[in-house]
Colleague: 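To start, I am sharing the structure in question, which I have written as structure tokens.
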Amino acid sequence: MAASSNSSLSGSSLSSDPEDYQPPIWKSYLYQLQQEAPRPKRITCPQEMENRPKYYGREFYGMISREYADELLAGVEGSYLIRESQRQPGTHTLALRFGPQTLNYRLFYDGKHFVGEKRFESVHDLVTDALITLYIETKAAEYIAKMTTNPIYEHLGYTSLLKDKMVHRLSRGRTEPRRVTFQRDERITSPLVRRSALKDTPEKQCSYEKIHNFKVHTFRGPHWCEYCANFMWGLIAQGVRCSDCGLNVHKQCSKLVPSDCQPDLRRIKKVFSCDLTTLVKAHNTTRPMVVDMCIQEIELRGMKSEGLYRVSGFSEHIEEVRLAFDRDGEKADISANAYADINIIAGALKLYLRDLPIPVITFDLYSKFIQAAKIPNAESRLEGIHENLLQLPPAHYETLRYLMAHLKRVTQFEKDNLMNAENLGIIFGPTLMQPTELNALTTLNDMRQQKLVVQLMIENEDVLF
């Protein structure tokens, strides 16, 4: 099918200067087809039907045959009516004329009208959308099948600029994971990792990748796909939008978009219970500001506090801290003037980590860490934990590294705070790692391994990270 009305990118001239950014020219072919699509024409029943459902209008004909419906709609493109099924009384069928034939769809109502995934306020809107979709998919089937083969996404100036800024910002503050090998040193008698020596191997190359959080979206007014530059057709639910960065694409194009979501702070509604990678990308930081700020405050005035992280602060005050972070972000006041009890800040940090939708030690790696903790040989056990750490998403790895370094410092004040690595492991084990499905028996059985994983990461923080 000829697509002479399609526009292409004008030169695709990229520049590192935002002022030189040339926006793409959106392709108009599918938009023109939508404008040409047949309009719905309701065929009204000449008499009032006593058994007509209250949510249908005069287009309801009661129980008539498929053949009679075809006669009523014959020759009128876009005409439609609703009939009660003869084969299944009590069910309803939408009869719609498109091209040379009458199409029949089982029609449902649950507060909105639908024949498939899309739900409409009125039958008229449903038919309008159906005619647009049928017309475009009939006229441009070959075009639609090929429209993702030459995407504009990777060539958009603003996309490249965002990516460059992000890489530059993160490269300044990120600590790359180190790959280490644990090997026995006969000069040291300790059976644990202090026998271990570092052995250089290639560093794991990583970037703060984040998949887009696409959700079906209804666009008001004409919208074009930001992946393929084609029009997003239909009346409602024309495509999907990333709820974190606002990228708008076709549903089929969303499967091809790279994992390069750069969240927009205006779309991040809260700090607590927000995905860890989403939060750090939105704020252009290597770790969540909650972790940084709480640890800095604790190290400033709480390292000698007896029972640090074990003693609970008042839950009402911890909730206040949570609300302050959600409301004010990095401007939240958690100083001694606002909260004299350091246990409140420690409690807020634990709450933040516990409420993450994906734990710091991610669901998919949970069982691997549990199995590593069960390895009887000390060196092999640490080797297993280290290998699992290298598989963590970068933001999760950096957060865990920073937290373990802090908890290691906490243990250095054990004479005052009475907190050693084992005690902290008991507290942070179930906070940092959780099974995918919360099962009381599984959680109980894994508690020892959860504790041991965190304990070993604290004791061997300088080697594991």
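In this chain, residues are counted from 1 in sequence order.
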Colleague: For K281, is there any backbone N or O sitting under 3.5 Å from a side-chain donor or acceptor partner on Q262?
Modeller: yes
Colleague: State whether the side chain of S28 and the backbone N or O of Y31 hold a donor-acceptor pair below 3.5 Å, judged by distance alone.
Modeller: no
Colleague: Taking A130's backbone N and O only, do any of them form a donor-acceptor pair with T133's side chain (distance below 3.5 Å, no angle check)?
Modeller: no
Colleague: To check you understand the geometry: which heavy-atom pair defines the closest contact between M293 and I334, and what is its length?
Modeller: O-CD1, 3.6 Å
Colleague: Please give me the minimum heavy-atom distance between A229 and W224, naming the atom from each residue.
Modeller: O-CD1, 3.2 Å
Colleague: Checking N213 side chain against C242 main chain: does a donor-acceptor pair fall under 3.5 Å?
Modeller: no
Colleague: Given N343, which partner from the list V311, I298, I318 fulfils the side-chain contact (heavy atoms from CB on, under 4.5 Å) test?
Modeller: V311
Colleague: Going by the rule side-chain hydrogen bond (donor to acceptor under 3.5 Å, both in side chains), which residues pair with D292 if we only count those two or more places apart in sequence or in a different chain?
Modeller: R287
Colleague: Is it true that a side-chain atom of T218 and a backbone atom of A237 form a donor plus acceptor pair closer than 3.5 Å?
Modeller: yes
Colleague: Among Y109, F120, F108, which residue satisfies the ring pair (Phe, Tyr, Trp, His ring centres under 6.0 Å) criterion with Y55?
Modeller: Y109
Colleague: Taking the side chain as everything from C-beta on, heavy atoms only, tell me whether E320 gets closer than 4.5 Å to Y339.
Modeller: yes
Colleague: Which heavy-atom pair separates L464 from I385 by the least distance, and what is that distance?
Modeller: CD1-CG2, 4.4 Å
Colleague: Any side-chain donor-acceptor pair under 3.5 Å between Y366 and Q450?
Modeller: yes
Colleague: Decide side chain to side chain contact (heavy atoms under 4.5 Å, CB included) for E383 and I375; before the verdict, give the C-alpha distance in whole Å, the side-chain angles of both, and the deciding distance to 0.1 Å.
Modeller: CA-CA 10 Å; E383 191 81 57; I375 298 174; over 6 Å; no
Colleague: Ring pair (Phe, Tyr, Trp, His ring centres under 6.0 Å) with F363: which residues, sequence neighbours excluded?
Modeller: none
Colleague: Looking only at non-hydrogen atoms, find the nearest pair between L353 and V291 and report the distance.
Modeller: CD2-CG2, 4.4 Å
Colleague: Between P40 and L131, is any pair of side-chain heavy atoms under 4.5 Å apart?
Modeller: yes
Colleague: How about F325 and C294: do any of their side-chain heavy atoms sit closer than 4.5 Å?
Modeller: yes
Colleague: Give the minimum heavy-atom separation between C253 and C225, together with the two atoms involved.
Modeller: SG-SG, 3.8 Å
Colleague: Can you check whether M289 reaches H283 side chain to side chain, under 4.5 Å on heavy atoms?
Modeller: yes
Colleague: So for atom CD, which belongs to E117, do other residues, nucleotides or ligands contribute more than 12 heavy atoms lying within a distance under 6.0 Å?
Modeller: no
Colleague: Would you mind reporting whether D110 and R119 have side-chain heavy atoms less than 4.5 Å apart?
Modeller: yes
Colleague: Taking the side chain from H396 and the backbone from P359, do they hold a donor-acceptor pair closer than 3.5 Å?
Modeller: yes
Colleague: So, taking the atom named CZ in F214 and the one named CG in N248, what distance separates them when rounded to the nearest 0.5 Å?
Modeller: 8.5 Å
Colleague: Atom CD1 in I358, atom CG in L365: separation rounded to 0.5 Å?
Modeller: 11.0 Å
Colleague: Taking the side chain as C-beta and beyond, is there a heavy-atom pair between K27 and M147 under 4.5 Å?
Modeller: no
Colleague: Check whether D326 reaches the backbone of F272 with its side chain - one donor and one acceptor, N or O, closer than 3.5 Å.
Modeller: yes
Colleague: Would you find a donor on one side and an acceptor on the other, under 3.5 Å apart, between the side chain of Q449 and the backbone of K374?
Modeller: no
Colleague: Please find the pair of heavy atoms, one from P430 and one from Q434, that lie closest to each other, and give the distance.
Modeller: O-CG, 3.5 Å
Colleague: I need the L432 CG to T362 OG1 distance, nearest 0.5 Å.
Modeller: 12.0 Å
Colleague: Distance check, rounded to the nearest 0.5 Å: F428 atom CZ versus K350 atom NZ?
Modeller: 6.5 Å
Colleague: Any chance you could measure D333, atom CG, to D328, atom CG, to the nearest 0.5 Å?
Modeller: 9.0 Å
Colleague: Please check: side-chain N/O of R448 versus main-chain N/O of D446, any donor-acceptor pairing under 3.5 Å?
Modeller: no
Colleague: Would the Y309 and H406 ring centres measure less than 6.0 Å apart?
Modeller: yes
Colleague: Is there a donor-acceptor pair closer than 3.5 Å between any side-chain N or O of T431 and the backbone N or O of I427?
Modeller: yes
Colleague: I'd like to know if D355 pairs up with R322 as an ion pair, taking the criterion as any Lys NZ or Arg NE/NH1/NH2 lying under 4.0 Å from an Asp or Glu carboxylate oxygen.
Modeller: no
Colleague: Within the 4.5 Å heavy-atom criterion, are E414 and M419 side-chain neighbours or not?
Modeller: no
Colleague: Does the side chain to side chain contact (heavy atoms under 4.5 Å, CB included) test come out yes or no for I295 and L403, once each step is laid out?
Modeller: CA-CA 8 Å; I295 286 178; L403 178 63; 4.1 Å; yes
Colleague: Would you mind reporting whether L247 and V257 have side-chain heavy atoms less than 4.5 Å apart?
Modeller: yes
Colleague: Would you check, one step at a time, whether the test side chain to side chain contact (heavy atoms under 4.5 Å, CB included) holds for V249 with H212?
Modeller: CA-CA 11 Å; V249 296; H212 290 270; over 6 Å; no
Colleague: Begin from the C-alpha positions of K215 and R241 and carry the test side chain to side chain contact (heavy atoms under 4.5 Å, CB included) through to its verdict.
Modeller: CA-CA 5 Å; K215 295 181 180 178; R241 168 176 286 174; over 6 Å; no
Colleague: Does atom CD (E330) have a neighbourhood of more than 12 heavy atoms from anything else shown, all under 6.0 Å?
Modeller: no
Colleague: For the atom pair CG (N230) and CG (L30), what is the distance rounded to the nearest 0.5 Å?
Modeller: 5.0 Å
